[in-house]
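Each remark here refers to the structure printed beneath this line.
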Amino acid sequence: MADFAGKRGLVLGVANKRSIAWAIAKRLADGGARLAFTYQGDRIEAGVRELAATVDSPHVTECDVRSDDHVARVVAEAGEIFGGKLDLLVHSVAFAAAEDLEGRFTDTPRDRFWMALDVSAYSLVAAARAAEPLMEAAGGGAIVTMTYLGGERAVPHYNVMGVAKAALDSSVQYLAWDLGVKNIRVNAISAGPVRTLAARSIAGFPTMEAIVEERAPLRRHISADDVGAAAAYLLSDDAQNVTGTTLYVDSGYHAMGM
Ligand SMILES: NC(=O)c1ccc[n+]([C@@H]2O[C@H](COP(=O)([O-])OP(=O)(O)OC[C@H]3O[C@@H](n4cnc5c(N)ncnc54)[C@H](O)[C@@H]3O)[C@@H](O)[C@H]2O)c1
């Protein structure tokens with residue numbers, strides 16, 4: 001297991017115990033990391049606070065990534081708690097309107113197109129920029145975000161979220177270039193379907209799962225814990241020379257032509 005003793009991390013995107021962000025956080029905490037968490041909205045606050053308490057989190061705070069003020073405040077608070085330094089940033093946030101995850105991509109209205117890209121892609125840029133000085137102060141850092149194959153190929157129903165993931169994937173590469181000079185690494189994990197709150201809003205999600213079972217080389221589903229393990233690797237010093245890349249945790253599905 002990767003050693004995160006003494007590492008300080010900020011985790012964006014825990015909604016409940018099924019969240020991919022939570023699987024990653026557990027792994028980091030098991031390795032000895034101290035983690036601050038954010039939640040979006042009062043509805044999930046109590047649940048996130050409860051989970052965070054189980055890993056002795058020193059800080060839980062609200063963050064709507066659409067707000068520059070929220071992002072700046074959250075990172076500043078993490079800086080205060082962690083003595084001006086941050087080693088790890090987990091970005092596991094995405095949103096598109098449910099009506100845009102069914103039917104035709106062609107019909108996506110302008111405002112909801114930009115909303116999906118704002119929450120799901122630009123938020124990584126904003127969070128990385130805010131974290132940069134704290135990671136620089138720590139002598140470097142590692143950022144991981146969550147993507148999906150629907151950003152590279154057309155996956156029916158994934159629609160505008162696929163376009164957002166394409167922007168996210170490209171952002172990973174540009175951030176990796178900008179921040180690499182400060183020893184800050186930026187990587188993505190492309191996960192196969194996992195039953196989470198966000199996944200529930202994708203029409204045809206059960207079909208996505210069934211196709212993975214039938215056509216992925218390993219012919220089985222992945223779990224959030226599989227993603228946690230992969231993220232732990234990318235965030236650890238074992239991956240010290242890995243940046244700007246995407247690690248697929250999808251039972252090999254991405255390798256197939258049909
Ligand atoms: N579940 C899957 O099958 C799957 C596969 C590949 C990639 N992913 C990606 O993994 C990431 C995490 O999703 P998940 O499946 O764990 O679902 P989830 O619902 O548990 O997590 C999504 C998180 O995004 C947060 N969020 C949404 N809008 C926000 C906003 N405006 N400000 C701040 N936070 C906001 C939610 O509060 C939630 O915590 C997402 O980027 C998702 O696209 C998921």
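All ligand and atom numbering here is 1-based and tracks the order in the structure.
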* Numbering the atoms of ligand 1 from 1, which are under 4.0 Å from a heavy atom of A15? -> 20 (O), 38 (C), 39 (O)
* H59: what forms a ring pair (Phe, Tyr, Trp, His ring centres under 6.0 Å) with it, not counting sequence neighbours? -> none
* Asked: Counting each atom of ligand 1 from 1 as listed, which ones have a heavy atom of V14 under 4.0 Å away?
  -> 39 (O)
* Structure fact -> Rounded to the nearest 0.5 angstrom, the CD1-CZ distance for I44 and R49 is 11.0 Å
* Structure fact -> Per-atom filter on ligand 1: closer than 4.0 angstrom to a heavy atom of G13 are 21 (O), 23 (C), 38 (C), 39 (O)
* With the threshold set at 4.0 Å, does a side-chain nitrogen-carboxylate oxygen contact exist between K7 and D237? -> yes
* N/O separation below 3.5 Å, A199 to ligand 1 -> no
* Asked: Thinking salt bridges, do R104 and D107 make one under a 4.0 Å N-O criterion?
  -> yes
* To do: Give yes if a backbone or side-chain nitrogen or oxygen of S19 is under 3.5 Å from a nitrogen or oxygen of ligand 1, and no if not.
  => yes
* To do: Return a yes/no value for A191: is any of its N or O atoms, backbone included, closer than 3.5 angstrom to an N or O of ligand 1?
  => no
* Asked: Should the proximity of T38 to ligand 1, defined as any heavy atom under 4.0 Å, be assigned to the side chain, the backbone, both, or neither?
  -> neither
* So, T147 versus D169: side-chain donor-acceptor pair below 3.5 Å or not? -> yes
* Can you say whether the rings of H254 and Y248 are parallel (under 30°), tilted (30 to 60°) or perpendicular (over 60°)? -> parallel
* Does I44 reach ligand 1 with a nitrogen or oxygen that is under 3.5 Å from one of the ligand's nitrogen or oxygen atoms? -> no
* Assess G192 for proximity to ligand 1: is some non-hydrogen atom of it under 4.0 Å away? => yes
* To do: Distance to 0.1 Å, residue and atom name: give those for the protein heavy atom nearest to atom 1 (N) of ligand 1.
  => V194 O, 2.9 Å
* Which residue pairs satisfy the salt bridge (charged side-chain N to carboxylate O under 4.0 Å, His left out) criterion with at least one member in residues 197-215, sequence neighbours excluded? -> R195-E209
* **N/O separation below 3.5 Å, K165 to ligand 1** => yes
* To do: Please determine, by modelled atom types, if S123 and H91 share a side-chain donor-acceptor pair under 3.5 angstrom.
  => yes
* Could you list the atoms of ligand 1 found under 4.0 angstrom from a heavy atom of T147? => 6 (C), 7 (C)
* **Atoms in ligand 1 with a heavy atom of R66 nearer than 4.0 Å** => 31 (N)
* **Ion pair check, R112 and E99, cut-off under 4.0 Å** => yes
* Asked: Any idea which part of A224 is under 4.0 Å from ligand 1, heavy-atom wise: side chain, backbone, both or neither?
  -> neither
* Would you mind listing which atoms of ligand 1 come within a distance below 4.0 Å of any non-hydrogen atom of Y148? => 6 (C)
* Structure fact -> atom 12 (C) of ligand 1 has as its nearest protein heavy atom S92 OG, 3.0 Å
* Within-cut-off N or O pair, I20 and ligand 1, under 3.5 Å -> yes
* Asked: Which of the numbered atoms in ligand 1 are below 4.0 angstrom from a heavy atom of C63?
  -> 32 (N), 33 (C)
* Asked: Counting both backbone and side chain atoms, is some N or O of T196 under 3.5 Å from an N or O of ligand 1?
  -> yes
* Under 4.0 Å from any heavy atom of P193, which atoms of ligand 1 are there? -> 3 (O)
* Asked: When you measure from atom 9 (C) of ligand 1 to every protein heavy atom, which one gives the shortest distance, and what is it?
  -> M146 CB, 3.6 Å
* Any nitrogen or oxygen of A198, main chain or side chain, under 3.5 Å from a nitrogen or oxygen of ligand 1? -> yes
* Per-residue contact class, T145 against ligand 1 - non-hydrogen pairs under 4.0 Å -> neither
* For atom 40 (C) of ligand 1, find the nearest protein heavy atom and state the residue, atom name and distance (0.1 Å precision). => A94 CB, 3.6 Å
* To do: Consider every N or O of D64 and every N or O of ligand 1, then say whether any pair is closer than 3.5 Å.
  => yes
* Asked: How close do I222 and A191 get, heavy atom to heavy atom, and via which atoms?
  -> CD1-CB, 4.0 Å
